[in-house]
Amino acid sequence: MFEYVADDQICRDENEGSIIASLIAQLRVGMDLSRVTFPTFVLEPRSMLERITDFIAEKEGDPEERFIRVLQYYLAGWHIKPKGVKKPYNPVLGEFFRCRYDYSDGSQGFYIAEQVSHHPPISAFFYISPANHVSILGELRPKSKFLGNSVSTTMEGENRVTLMGKPEDGEYIITMPNMYARGILFGKMVLELGDTCVAKNEKLGLSCDLEFKTKGFFSGTYNAIAGRLRRNTTDIGEISGRWSHVMDIKNNKTGKKRVLFDAQKDGQNVVPKWVPAEDEQEPNESRRLWSQLTKAINAKDMEWATDAKSTVENAQREDRKRREEKGEVHVPRFFEFKGGRWVPKFIVPKDPKKAVVAIQDWIFPSVAPTGLSAVPVVKTETSTNPPPPIPLPT
């Protein structure tokens with residue numbers, strides 16, 4: 001799946017000629033891109049499993065306000081991006097990524113993502129912060145197609161947010177917009193979010209249709225968004241603005257407007273994630289698995305990068321061949337398919353303190369078997385002033 005480019009800027013890699021030559025040889029209009037081999041220099045130096053964490057780094061009470069806070073969490077993640085138009089690594093079957101968030105109030109959040117299927121590609125992910133009474137369960141099933149001078153990626157899947165302090169709310173379900181990479185063969189190269197996604201809570205009777213607007217050929221602007229907030233069939237609010245800049249929400253009853261999220265003002269206040277040191281990671285853990293490719297891309301050594309990428313992919317093919325010969329079926333480690341969805345193989349203890357210990361032992365058993373304080377971690381994506389988590393009902 002492609003990464004979007006900063007704001008309304010157009011960016012091509014310095015090797016754009018090689019990108020075009022490499023892609024043209026493989027592409028046919030309407031074809032599924034899951035089997036297309038992309039040049040290593042268009043890859044973002046991290047796995048898609050880690051890319052999903054951008055939406056977790058953002059963490060009252062009337063029901064409408066709780067719903068708005070969930071929308072805020074969702075919309076606050078889109079502005080996080082690398083430089084240029086990049087594509088995260090395609091995770092291999094059984095690959096996983098895990099991390100921890102340390103909030104300024106002393107509370108913590110834990111995240112685990114696993115590639116549970118390769119064909120079709122499915123990434124399952126789970127985030128939980130017991131002290132803040134919130135969990136997020138989701139899966140992502142991207143499907144890409146070549147459309148001539150552009151590529152579309154349909155972002156199938158959904159986020160299911162649960163406020164554990166308000167079990168009567170049930171789940172807040174949010175789908176994803178689609179992505180469009182335009183001008184990949186000629187003209188300006190732009191990556192946009194487009195189409196409509198839906199956020200809803202059936203128990204509360206609240207929903208919001210969010211339209212990510214693509215720029216027209218002669219008019220419009222990049223990264224525009226518009227939404228209608230409803231209680232049952234009654235419009236109660238409107239969302240407007242640009243997801244890369246400022247988004248506002250208007251109360252239809254009072255006519256008052258307030259800032260929902262300001263990416264330019266608050267976008268840099270991303271809570272840093274902590275991950276195990278690479279030498280403490282397991283062989284199929286994202287950063288260790290792709291470490292040689294990441295080093296090669298950062299060193300801009302494309303020959304090394306291509307060899308490193310091939311090594312991982314060839315090992316995956318050999319594993320698949322071995323399983324087929326033995327009649328074995330891959331069994332995910334952290335998730336299981338149950339009730340029509342991928343769910344964690346974990347039952348959360350009701351007591352927040354016990355939950356933290358249990359989650360630590362489940363996600364990081366090979367890193368810190370004796371407890372949370374023993375976790376050797378490295379700090380990444382630092383922020384000088386990370387914001388506290390959003391207060392949630394106890």
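Numbers for residues simply follow the sequence, beginning at 1.
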*asked:* Just so I know, are the side chains of V70 and I174 near enough to count as touching, which here means a heavy-atom distance under 4.5 Å?
replied: yes
*Quick one: pull up CD1 in I173 and CD in E202 and give me the separation to the nearest 0.5 Å.*
6.0 Å
_Testing the 3.5 Å rule here: is there a donor-acceptor pair between the side chains of E95 and S286?_
yes
*The single option from Y111, F126, F334 passing ring-ring contact (aromatic ring centres under 6.0 Å, His included) against F96*: F334
*What are the two closest non-hydrogen atoms of F110 and Q108, and how far apart are they?*
CZ-OE1, 3.8 Å
_Pair E303 + K309, salt bridge at N-O below 4.0 Å_ = no
*asked:* I'd like to know if K143 and E156 make a salt bridge, using a cut-off of under 4.0 Å between side-chain N and carboxylate O.
replied: yes
*Would you check if there is a donor-acceptor pair between the side chains of N232 and T234 at a distance under 3.5 Å?*
no
*asked:* Does K273 qualify as a cation-pi partner of Y101, given the criterion of NZ or CZ under 6.0 Å from the six-membered ring centre and within 45 degrees of its axis?
replied: no
*Shortest non-hydrogen separation from V348 to A355 and the atoms involved*: CG1-CB, 4.1 Å
*Charged N-O contact under 4.0 Å between E171 and R341*: yes
*asked:* Quick test of your reading of the model: are D169 and R66 salt-bridged, counting only N-O distances below 4.0 Å?
replied: yes
*For the pair E328 and R322, find out whether any cationic side-chain nitrogen is under 4.0 Å from an anionic carboxylate oxygen.*
yes
*Heavy atoms, side chains only, cut-off 4.5 Å: are I136 and I128 in contact?*
no
*asked:* So, taking the atom named CG in D248 and the one named CZ in R258, what distance separates them when rounded to the nearest 0.5 Å?
replied: 10.5 Å
*Any side-chain heavy atom of E238 sitting closer than 4.5 Å to one from N252?*
yes
*Closest heavy-atom contact between R317 and N314?*
NH1-OD1, 2.6 Å
*asked:* Has R160 got a side-chain atom pairing as donor or acceptor with L137's backbone, closer than 3.5 angstrom?
replied: no
*Drop me the distance from N178's CG to K145's NZ, to the nearest 0.5 angstrom.*
11.5 Å
_Quick one: does any side-chain atom of N132 pair with a main-chain N or O of V134 as donor and acceptor, under 3.5 Å?_
no
_Minimum heavy-atom separation for H118 and P91, please, with both atom names._
ND1-O, 4.0 Å
*Donor-acceptor contact below 3.5 Å, side chain T254 vs main chain K256*: yes
*Distance-only, no hydrogens or angles: does the E285 side chain make a donor-acceptor pair with backbone N or O of F97 under 3.5 Å?*
no
_Under 3.5 Å donor-acceptor, Q281 side chain and P276 backbone_ = yes
*Within the distance-only criterion (no hydrogens, no angle test), does the side chain of T311 pair as donor or acceptor with the backbone N or O of D307 below 3.5 angstrom?*
yes
_Are there over 12 heavy-atom neighbours, none belonging to R228, within less than 6.0 Å of that residue's CZ?_
no
_Value rounded to 0.5 Å, distance of CD1 in I249 from NZ in K257_ = 11.0 Å
*W362 side chain near I112 side chain, heavy-atom distance below 4.5 Å*: yes
*What pair of heavy atoms forms the shortest contact from F346 to A358, and how long is it?*
CE1-O, 3.7 Å
*asked:* I'd like to know if R231 and E64 make a salt bridge, using a cut-off of under 4.0 Å between side-chain N and carboxylate O.
replied: yes
*Are W243 and N223 close enough that some pair of their side-chain heavy atoms sits under 4.5 Å apart?*
yes
_Any side-chain to backbone donor/acceptor pair from Q360 onto V357? Under 3.5 Å, distance only._
no
*State the CG-NZ distance between D209 and K200, to the nearest 0.5 angstrom.*
10.0 Å
_Donor on one side chain, acceptor on other, Y180 and D195, under 3.5 Å_ = yes
*Are Q115 and S123 close enough, and set up right, to give a side-chain hydrogen bond (donor to acceptor under 3.5 Å, both in side chains), and what steps lead you there?*
CA-CA 5 Å; Q115 193 70 5; S123 302; 2.6 Å; yes
*Answer yes or no: is there a side-chain heavy-atom contact under 4.5 Å between T196 and F212?*
no
*Provide the closest heavy-atom pair for G109 versus S129 in the form atom of the first, atom of the second, distance.*
CA-CB, 4.0 Å
*Hey, are D235 and R230 close enough for a salt bridge, meaning a charged N less than 4.0 Å from a carboxylate O?*
yes
*Are the side chains of E192 and K215 in touch, meaning some heavy atoms are under 4.5 Å apart?*
yes
*Rounded distance (nearest 0.5 Å) linking atom OG1 of T175 with atom CE of M155*: 10.5 Å
*Per the side chain to side chain contact (heavy atoms under 4.5 Å, CB included) rule, which among Y73, Y172, Y127 passes with N159?*
Y73
_side-chain contact (heavy atoms from CB on, under 4.5 Å) against L71, all qualifying residues, sequence neighbours excluded_ = F67, A199, C208, L210, L229, I239
*asked:* Would you say V343 ends up clustered with I122 if hydrophobic residues are merged whenever their side chains have heavy atoms under 4.5 Å apart, either directly or through other cluster members?
replied: yes
*Side chain of E114, backbone of R333: donor and acceptor closer than 3.5 Å?*
yes
*Salt bridge or not for R100 and D102, using N-O below 4.0 Å?*
yes
*How about F335 and W342: are their ring centroids closer than 6.0 Å?*
no
_Within-4.5 Å side-chain heavy-atom neighbours: M247 and I225_ = yes
*With distance as the sole test, does K345 use its side chain to make a donor-acceptor pair with the main-chain N or O of P332 at under 3.5 Å?*
yes
